[in-house]
Protein chains: 2
Amino acid sequence: MRKLSSTNYYNQTFLEDKCALNELIHLLSKRWLTEVMFSIEEGNSRFSSLKEDLKHISDNILADRLKLLEQYKLIVRNNHLGEVPARVEYSLTETGEKLSDLLGGLCNFAENQMEFPS
Amino acid sequence: MRKLSSTNYYNQTFLEDKCALNELIHLLSKRWLTEVMFSIEEGNSRFSSLKEDLKHISDNILADRLKLLEQYKLIVRNNHLGEVPARVEYSLTETGEKLSDLLGGLCNFAENQMEFPS
DNA sequence: CTGTATCCGATAAGATACTG
DNA sequence: CAGTATCTTATCGGATACAG
């Protein structure tokens, strides 16, 4: 639960305060996060179906990414209360869909106009 | 110089191979990288003027980010050979300018349509 | 089924000192 | 002026075990 080593922490918050883009990119850079978003967009709404679709993801990472996406209001969590076994469904918010579109454009750019070294 | 702890390394390359977007985001997520790009776009072409513009960046980080941007062909390095003291100028490539535009759109989205927690 | 808790190795940022 | 080399600390991803 500790953090902030002076400059390291300071610089990160400085950059995030300066421009929201830095905070967004920091979020997007978390491994699997965009994949989880795209997988939900494609119709995988359950924890188990996401886990199956993203073959190599682990439970704790998937749970963490879902929590993050929910906190940033990019997805909504629909808990079907009281059902046993538990049933939860996720879906994109409007903001989430908009972001997904923008990332589509960026993806197209990355694949067609960028040259990656080695 | 060592790396790859099996799954950790494997998953990263798996995701980068699957979609170039992941590799691009991984690049953009390096701290200061977009700031360096934007600062060059605004006319800061020298190492020293970038360092002055981005007040809290350290030498080794700035040097590393410039090297990365050059490797990905987002900037070009123009070495004025034989001048003493050394003089080097950086500028955006066409690809760099295109990426900068796209990031502008993403930045606009981040600042106007996203809600950041806490 | 849908998660949480703890631990460990790998990577990234930055401080400091030094170089052509 | 424009960097490089070495080292320390913080953060991140993943394995494993467990819980409501």
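Letters A, B, ... mirror the listed sequences (proteins, then strands); counts begin at 1.
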Whole angstrom is fine here: how far is it from [atom1] in [X] over to [atom2] in [N]?
{"X": "Arg31(B)", "N": "dC12(D)", "atom1": "CZ", "atom2": "P", "result": "9 Å"}
{"X": "Leu66(B)", "N": "dA2(D)", "atom1": "CG", "atom2": "P", "result": "10 Å"}
{"X": "Asn11(A)", "N": "dT11(D)", "atom1": "CG", "atom2": "P", "result": "13 Å"}
{"X": "Glu70(A)", "N": "dG3(C)", "atom1": "CD", "atom2": "P", "result": "9 Å"}
{"X": "Glu16(B)", "N": "dG13(D)", "atom1": "CD", "atom2": "P", "result": "13 Å"}
{"X": "Ile61(A)", "N": "dT2(C)", "atom1": "CD1", "atom2": "P", "result": "18 Å"}
{"X": "Asn79(B)", "N": "dG3(D)", "atom1": "CG", "atom2": "P", "result": "8 Å"}
{"X": "Lys55(A)", "N": "dG14(D)", "atom1": "NZ", "atom2": "P", "result": "16 Å"}

Distance test, side-chain N/O of [X] to OP1/OP2 of [N], below 4.0 Å:
{"X": "Ser58(B)", "N": "dA13(C)", "result": "no"}
{"X": "Tyr90(A)", "N": "dG3(C)", "result": "yes"}
{"X": "Thr7(B)", "N": "dG13(D)", "result": "no"}
{"X": "Arg46(A)", "N": "dC1(C)", "result": "no"}

Looking at dA13(C), dC1(D), dT4(D), which one has an atom nearest to any side-chain atom of Asn8(A)?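 Selected nucleotide (nearest to the side chain): dA13(C).
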So if I take every side-chain heavy atom of Arg77(A) and compare against dC1(C), dT4(D), dG3(C), which nucleotide ends up nearest?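 Between dC1(C), dT4(D), dG3(C), the one nearest the side chain of Arg77(A) would be dG3(C).
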Closest nucleotide of DNA chain D for Arg65(A) versus for Ser48(B): which of these residues is on the 5' side?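 First, find each residue's nearest nucleotide; the 5'-ward one identifies Ser48(B).
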5' priority, DNA chain D, between Asp59(A) and Asn60(B) [closest heavy atom]: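 Per heavy-atom nearest nucleotide, the more 5' residue is Asn60(B).
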If you draw a 6.0 Å radius around [atom1] in [X], do more than 12 non-hydrogen atoms from other residues or ligands fall strictly inside?
{"X": "Glu115(B)", "atom1": "CD", "answer": "no"}
{"X": "Glu52(B)", "atom1": "CD", "answer": "no"}
{"X": "Lys73(A)", "atom1": "NZ", "answer": "no"}

Under 4.0 Å, counting only non-hydrogen atoms across every strand here, what does [X] touch: a base, just sugar-phosphate, or nothing?
{"X": "Lys67(A)", "value": "sugar-phosphate"}
{"X": "His56(B)", "value": "nothing"}
{"X": "Asp64(A)", "value": "nothing"}
{"X": "Lys30(B)", "value": "sugar-phosphate"}

With rounding to the nearest 0.5 angstrom, report the CG to CH2 distance, Leu15(B) to Trp32(A).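 The CG atom of Leu15(B) sits 4.5 Å away from the CH2 atom of Trp32(A).
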Assess the residue pair His80(B) and Asn78(B) against the criterion (side chain to side chain contact (heavy atoms under 4.5 Å, CB included)); give the C-alpha distance rounded to whole Å, side-chain angles, the decisive distance to 0.1 Å, and a yes or no. CA-CA 6 Å; His80(B) 299 263; Asn78(B) 190 348; 4.1 Å; yes
Which is it for Tyr72(B) and Leu99(B) under the side chain to side chain contact (heavy atoms under 4.5 Å, CB included) test, yes or no, and what are the steps along the way? CA-CA 12 Å; Tyr72(B) 282 82; Leu99(B) 179 55; over 6 Å; no
Residue whose nearest DNA chain C nucleotide is more 5′ - Ala86(A) or Ala63(A):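 The answer here is Ala86(A).
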